[in-house]
Structure formats: C-alpha cells, structure tokens
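Heavy atoms only: backbone and side chains are in, while hydrogens, waters and symmetry mates are out.
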Amino acid sequence: QEQLDAFKRDRCIRLSNVLPEETLLLARESLVRLATRACQGANPSLPPSPLPPLSDTATPSERAERWAAISEPSRRSWNLQMMWAVDPIVRELVLSPRIAGIVDRLLGCDGGVRLYHDNCLSRAPGSQRTKWHCDDGPQGYMAMTGRKVCTVWVPLQR
C-alpha cells in the first residue's frame with residue numbers, strides 16, 4: 001500500500017525484482033540479436049573510435065560537443081519498436097502478466113490494460129541522461145486522451 005500511495009502522490013515509482021533475472025537476460029539477448037539484424041551487423045551505439053573520458057570540469061561547449069558526437073539523432077543511438085510482434089522472448093517480457101497486473105493496480109483499471117507499443121532504446125557509452133520529459137503530454141508523441149496512461153521502463157543493461 002505504501003508504494004501505491006507513493007505512485008498516486010508522485011506519479012512515478014521505481015520497483016525492483018519484478019521479473020526474474022533469467023527473463024531479463026533472455027530478453028536482452030533477443031533485443032541485441034534484433035538490433036544487430038536491423039543495423040546490418042554493426043553496433044551503432046559504439047563510437048567509430050574510442051572517445052576519451054569527459055572530465056568533470058569540462059566546459060558547457062565541450063559537453064555540448066560530446067553530446068552531439070554520441071547522442072540522438074546520431075546513428076550511434078537507435079531504437080526499435082513493436083518487437084513483441086516478431087520475437088517470442090520479447091513478447092513474453094512486453095506482455096508479462098506480472099507487469100500488466102502492477103500497471104492495472106497502479107492506474108486502477110479494474111482488470112485490464114492495453115499495450116500502446118514497445119520501444120527499445122540504446123545509447124552510446126558516455127552519453128548524457130535524457131532530460132525529464134512527458135511522453136504523453138501536450139507536446140508528447142503519444143496521442144492519447146484520458147489520464148490512465150503509463151510508461152514502464154525495464155532496464156536491460158549489464
């Protein structure tokens with residue numbers, strides 16, 4: 001109940017150990033395989049040559065230059081969507097009854113949630129975090145009406 005109250009108050013929540021680690025590892029392997037095929041065997045998330053670490057004292061222009069070199073919409077960052085439709089392991093993760101049950105309870109949907117889409121994002125090593133944003137807000141890309149919309153992030157990095 002404490003976590004449900006926190007979600008209602010903050011509109012976000014971080015949960016651990018929702019899915020078995022084996023499920024996450026298998027999903028990661030499948031997504032890497034799908035991404036490699038989509039990227040024709042190359043790993044676009046890796047810079048073409050190693051970049052030296054960016055110091056904590058880097059100037060704003062140095063940080064902006066690095067960001068431009070390794071971030072979206074650079075080819076070294078990529079995303080794939082709707083993989084649940086082509087891969088049974090990804091389907092098991094995306095359509096997980098455990099995740100759906102948690103979302104159902106958090107949003108108060110009374111027994112049913114609907115998948116809008118899945119999306120796998122990969123960033124180049126060393127890239128900055130994405131700034132806070134609202135995917136389903138007025139300028140968001142998810143054209144939805146209503147208040148019962150939820151984004152579920154499942155990190156699969158090592």
Side-chain angles (χ1 to χ4, degrees), residues 1-8 10-51 53-54 66-67 69-137 140-144 146 148-158:
Q1 184 62 43
E2 186 177 317
Q3 291 174 324
L4 186 57
D5 292 341
F7 178 78
K8 287 178 181 177
D10 303 332
R11 302 308 297 161
C12 66
I13 192 167
R14 180 181 177 179
L15 302 174
S16 299
N17 303 314
V18 171
L19 298 171
E21 188 168 336
E22 181 179 326
T23 299
L24 301 175
L25 291 172
L26 289 171
R28 182 181 189 285
E29 289 173 8
S30 288
L31 291 169
V32 167
R33 188 171 47 257
L34 289 168
T36 301
R37 187 173 357 159
C39 298
Q40 300 174 345
N43 183 348
S45 292
L46 297 175
S49 60
L51 296 172
L54 194 62
R66 174 63 62 88
W67 178 239
I70 63 173
S71 70
E72 299 169 341
S74 164
R75 293 181 312 125
R76 290 181 299 276
S77 293
W78 50 264
N79 75 72
L80 297 172
Q81 296 184 15
M82 305 306 287
M83 293 147 306
W84 71 270
V86 298
D87 186 272
I89 294 171
V90 175
R91 183 177 306 113
E92 183 180 334
L93 172 69
V94 171
L95 301 180
S96 162
R98 174 108 168 102
I99 292 175
I102 290 169
V103 171
D104 181 73
R105 183 154 184 236
L106 290 173
L107 298 181
C109 293
D110 297 325
V113 296
R114 183 176 296 166
L115 171 68
Y116 177 72
H117 76 133
D118 65 24
N119 189 2
C120 176
L121 304 169
S122 179
R123 294 262 172 83
S127 62
Q128 296 179 4
R129 292 181 179 190
T130 299
K131 293 178 182 175
W132 190 95
H133 63 284
C134 182
D135 288 340
D136 60 334
Y141 71 92
M142 296 185 342
M144 305 249 178
K148 293 185 178 183
V149 176
C150 182
T151 299
V152 177
W153 283 85
V154 181
L156 298 174
Q157 73 268 26
R158 292 180 200 188

State, with a plain yes or no, whether a side-chain heavy atom of [X] is found less than 4.5 Å away from one of [Y].
{"X": "Leu121", "Y": "Trp153", "value": "yes"}
{"X": "Leu106", "Y": "Leu4", "value": "yes"}
{"X": "Val94", "Y": "Val154", "value": "no"}
{"X": "Asp87", "Y": "Arg33", "value": "yes"}

Do you know which two heavy atoms are closest between [X] and [Y], and how far apart they sit?
{"X": "Asp118", "Y": "Trp84", "answer": "OD2-N, 2.8 Å"}
{"X": "Gln3", "Y": "Ile13", "answer": "O-CD1, 3.2 Å"}
{"X": "Arg11", "Y": "Lys8", "answer": "CD-O, 3.8 Å"}
{"X": "Arg91", "Y": "Ala85", "answer": "NH2-O, 3.5 Å"}

With a 6.0 Å cut-off (strictly less than), is the heavy-atom count around CG of Asp10, excluding the residue itself, greater than 12? yes

Restricting to side chain to side chain contact (heavy atoms under 4.5 Å, CB included), what partner residues turn up for Asp104, sequence neighbours left out? Cys109, Val113

Among all residues two or more places apart in sequence or in another chain, which pass the side chain to side chain contact (heavy atoms under 4.5 Å, CB included) test with Ser96? Leu19, Arg98, Ile99

Can you measure from [atom1] ([X]) to [atom2] ([Y]) and round to the nearest 0.5 angstrom?
{"X": "Ser30", "Y": "Leu93", "atom1": "OG", "atom2": "CG", "answer": "9.5 Å"}
{"X": "Arg28", "Y": "Glu21", "atom1": "CZ", "atom2": "CD", "answer": "11.5 Å"}
{"X": "Ile89", "Y": "Leu24", "atom1": "CD1", "atom2": "CG", "answer": "12.0 Å"}
{"X": "Leu31", "Y": "Cys120", "atom1": "CG", "atom2": "SG", "answer": "4.5 Å"}

